2 protein chains.
Amino acid sequence: MKTLTSRQLQVLEFIQDSIRVANMPPTIAEITVAMGFGSTNATRGHLQALERKGAIELIPNSSRGIRLVQAGAFEPGLPLVGRVAAGRPLLAEENIEDYRPVDPSFFSPRADYLLRVRGESMRDAGILDGDLLAVHRSPTADNGQIVVARLQDEVTVKRLRRTGQVVYLEAENPDFPAIEVDLKQETLALEGIAVGVVRNL
Amino acid sequence: MKTLTSRQLQVLEFIQDSIRVANMPPTIAEITVAMGFGSTNATRGHLQALERKGAIELIPNSSRGIRLVQAGAFEPGLPLVGRVAAGRPLLAEENIEDYRPVDPSFFSPRADYLLRVRGESMRDAGILDGDLLAVHRSPTADNGQIVVARLQDEVTVKRLRRTGQVVYLEAENPDFPAIEVDLKQETLALEGIAVGVVRNL
DNA sequence: TTTCATACTGAATATATTAGCACTGCTTTT
DNA sequence: AAAAGCAGTGCTAATATATTCAGTATGAAA
């Protein structure tokens, strides 16, 4: 979506408010009054600009014919990634097991997908086998964060420790050894940062 | 809400579908076509019946002026219960810290509220201090389930074990002893069954 | 300097939509 | 038997709403 002008943004926000409050899009006349315009054409101009820029879709000859094209306006929830096929991107369709009605903005930073946890290696961090890990996509992470990493076609959840050029992926379970990655020899592909846990009992 | 006739229900369902698909209520004409009526008045009759019965609200002289009055259409989410005041019901207003956008039906059975967990007594079950426990209200529970119980104005989360007339509330942490409740002497007030865990990392 | 996007006014028109009146016919309740 | 609710048709009026045409003015890009 191209960048919107501040006036266009105001119009867009009014439309969003309207949908939230009244459960339906506003009429052009309603926008005109709310914005304080003297002519419905002022609104039409903005609407057409918003449509050109991909923010909304206008349905011709239809009352309240404004549709928000926000990515994820009617999304089915967050994708749940189960077993990951070797050599395929994490969010490739064949890895998505299902969609779950979890609010992405419940977590901070926002969750982008859910990963079904396998194994007991993070047990002492309260992350158990079968739990759904809420993950925020990010190629970088801070020291000490729990991350989702890719190692030789294996997806793993571990705590990140970095000392100079060496990264340790530590389990939270004494039965599992830490994995050592020397950044001088190999690269570490981070798939994201763990931002939450959801478990069905 | 009074009971709807099957025809009225069909109209209501079309309206609901319409809102879900198009993100706006339908016009009377759209309903008329969808239902196969020859006259918009057939629809108007149904709409007025639906309004009388409290299923919808009609906004006069407004295009698409149909508002669903479903309970919980704009619900704020699940109540989050924090510290519980002595002698007050769990879901009394002063115990509700906030509302969180969690889908109740994500859990099974349905979650009725969230309880902020205090302490480490359920650590080995992967329930940590600060976690949000999704709880289904229930006065009874099966053996082995994790329950929310009330003991002398204290709310506690424990695993339930019952042998005859004696109930043990077991922690999942060797540092905490089990609590023994003799049903012949005292009653055990169950506030609900744990159905899930949500954690913000 | 011309063109283009933004940001509006003002008036007129076409159409979409709600709303009202007058009916028919069936079933259930009083 | 009458009244009330349900389920419709058919037509017209009123008004809500979108759309089009004709302008003005400003600042940025070509």
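Order of the sequence lines fixes the chain letters, A, B, ..., with proteins taken first and strands second; residue numbering starts at 1 for each chain. Here the structure is a predicted model, which is why all the values come from computation and not from measurement.
For A:T43, the side-chain hydrogen bond (donor to acceptor under 3.5 Å, both in side chains) partners are A:T32, not counting sequence neighbours.
A straight line from CD1 of B:I28 to P of C:dT17 spans 10 Å, rounded to a whole angstrom. What separates CZ of A:R64 from P of C:dT18 is a distance of 9 Å, to the nearest Å. Taking atom CD on A:Q48 and atom C1' on C:dA7, their separation rounds to 13 Å, with Å as the unit. Rounded to whole Å, the distance from CZ on A:F37 to P on C:dT6 is 13 Å. Look at CD on A:E51: it is 10 Å from P on D:dT19, rounded to the nearest Å. The CE-P distance, from B:M35 to D:dC6, rounds to 15 Å in whole Å. If you take NE2 of B:H46 and P of D:dG5, they are 16 Å apart, rounded to a whole angstrom. Nucleotide C:dA16 holds its P atom 17 Å from the CD1 atom of B:I31, rounded to whole Å.
B:R44 comes within 4.0 angstrom of a base, heavy atoms only. If you check every strand for non-hydrogen atoms under 4.0 Å, A:T27 touches sugar and phosphate atoms only. A:T40 comes within 4.0 angstrom of a base, heavy atoms only. Heavy atoms of B:G38 sit under 4.0 angstrom from primed sugar atoms or phosphate atoms, though from no base atom.
Closest to the side chain of B:Q8, from the set C:dT18, C:dA16, D:dA7, is D:dA7. Comparing D:dC11, D:dA16, C:dT6 against the side chain of A:A49 picks out C:dT6 as the nearest. In this structure, the nucleotide among C:dT6, D:dT9, C:dT17 sitting nearest to the side chain of A:T5 is C:dT6. The side chain of B:P60 approaches C:dA19 more closely than any other nucleotide in the set C:dA19, C:dT18, C:dC8. Looking at the side chain of A:R52, the nearest of the listed nucleotides C:dA5, C:dA19, D:dG8 is C:dA5.
Of the two residues near DNA chain C, A:G36 and A:S63, the one whose nearest nucleotide lies more 5' is A:G36.
One distance of note links CD of B:E170 with OG of B:S121; it measures 12.0 Å at 0.5 Å rounding.
B:R116 has its side chain within reach of B:L80: a pair of non-hydrogen atoms, C-beta onward, lies under 4.5 Å apart.
Side-chain nitrogen and oxygen atoms of B:K53 include none within less than 4.0 Å of the OP1 or OP2 phosphate oxygen of D:dG5.
In the displayed structure, B:E154 atom CD is contacted under 6.0 Å by at most 12 heavy atoms of other residues, nucleotides or ligands.
Classification of A:K158 and A:E172 as a salt-bridged pair fails, no side-chain N sitting under 4.0 Å from a carboxylate O.
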